[in-house]
Amino acid sequence: MSRIGNKAITLPAGVSVNVAEGNFTTVKGPKGELSFQFNSELEIATEGSECVVKRPNDTKLMKMMHGTTRALLHNMVVGVSDGFKKTLEINGVGYRAQLQGNTVVVSAGYSHTVEKPIPEGLKVEMPKNTTIIISGIDKQKVGQFAAEIREIRKPEPYKGKGIKYADEHIRRKEGKTAKK
């Protein structure tokens, strides 16, 4: 029994869920609109200010899809009402980032700068040249772009240099010690 799949999704004020033919679901809210094609065997029903996902049988595939569908639908509802945000921090001497039009340019200790174009629907802010804030309504796009920027220079455990999430803790290691 899927514990997550059985939970009802409460819809905040101003958010509407529209389920079309074949479970093509559109969620509209104050921040925007998201659409997704869910498995057509599941039943997505809106009852007042709640949305419920029901499965037709208890096969292994339906149990898996039940919880996944509910989680994706909940992320869509949260995205169009509140939005998602990821904060990255850049540590290291000479490591910095800047915005140039629709591109993030990162200088992270390489002989060249690394440029990442900002995907459609995301907003990138830089209050300092060592802090990157990525926000948007699609949780997957926000997380993917943050992971791509972090991948440019992952944090290393000895000096802590690199790009890390703001809430991430890097386990530090002790370096080599000289013989006495």
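Just so you know, these numbers come straight off a predicted model, no measurement behind them.
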Subject >> Heavy-atom donor-acceptor pair, N23 side chain to N39 backbone, under 3.5 Å >> reply: yes

Original post:
If you round to the nearest 0.5 Å, how far is CD1 of I137 from CG of N75?
Top reply: 12.5 Å

**OP:** Look at the side chain of Q37 and the backbone N and O of G22, then say whether any donor-acceptor pair between them is shorter than 3.5 Å.
**Re:** yes

Original post:
When clusters are formed by joining ILVMFWY residues with side-chain heavy atoms under 4.5 Å apart, either directly or through shared neighbours, do F36 and L34 land in the same one?
Top reply: yes

**OP:** Can you tell me which residue pairs pass the salt bridge (Lys or Arg N to Asp or Glu O under 4.0 Å) test with a partner in residues 17-30, sequence neighbours excluded?
**Re:** none

Original post:
Which heavy-atom pair separates L42 from P56 by the least distance, and what is that distance?
Top reply: CD2-CD, 4.2 Å

Subject >> Interatomic spacing from CG in D138 to CE in M76 - rounded to 0.5 Å >> reply: 8.5 Å

Subject >> More than 12 heavy atoms from other groups under 6.0 Å of NZ on K139 >> reply: no

Subject >> Y110 side-chain N/O to I152 backbone N/O, donor-acceptor pair under 3.5 Å >> reply: yes

Subject >> Of N57, D58, T59, the residue whose pairing with R55 passes side chain to side chain donor-acceptor pair (under 3.5 Å) >> reply: D58

**OP:** Kindly compute the distance separating CG (L88) from CE (M126), expressed to the nearest 0.5 Å.
**Re:** 9.5 Å

**OP:** Output yes when a side-chain donor or acceptor of H66 lies under 3.5 Å from a complementary backbone atom of V53, and no otherwise.
**Re:** yes

Original post:
Say you draw a straight line from CD of E151 to CD of Q144; how long is it, rounded to the nearest 0.5 Å?
Top reply: 10.0 Å

Original post:
How long is the span from the CD atom in Q100 to the CD atom in E115, to the nearest 0.5 Å?
Top reply: 6.5 Å

Subject >> Contact summary for P30 and V15, nearest pair of heavy atoms >> reply: CD-CG2, 4.2 Å

Original post:
Just how far is it from atom CD of Q98 to atom CD1 of I132, taken to the nearest 0.5 Å?
Top reply: 11.0 Å

Original post:
Are the side chain of S81 and the backbone of V78 linked by a donor-acceptor contact shorter than 3.5 Å?
Top reply: yes

Subject >> Sidechain-backbone polar pair: R172 side chain, Y158 backbone, donor-acceptor under 3.5 Å >> reply: yes

Original post:
What are the two closest heavy atoms between R150 and K164, and how far apart are they?
Top reply: NE-CA, 4.5 Å

**OP:** List the atom of V80, the atom of G32, and the distance in Å for their closest heavy-atom pair.
**Re:** CG1-O, 3.6 Å

Original post:
Which heavy atom in I170 sits nearest to a heavy atom in P157, and how many Å separate them?
Top reply: CG2-CA, 4.3 Å

Original post:
Any idea which heavy atoms bring A146 and I134 closest together, and the distance?
Top reply: CA-CD1, 3.6 Å

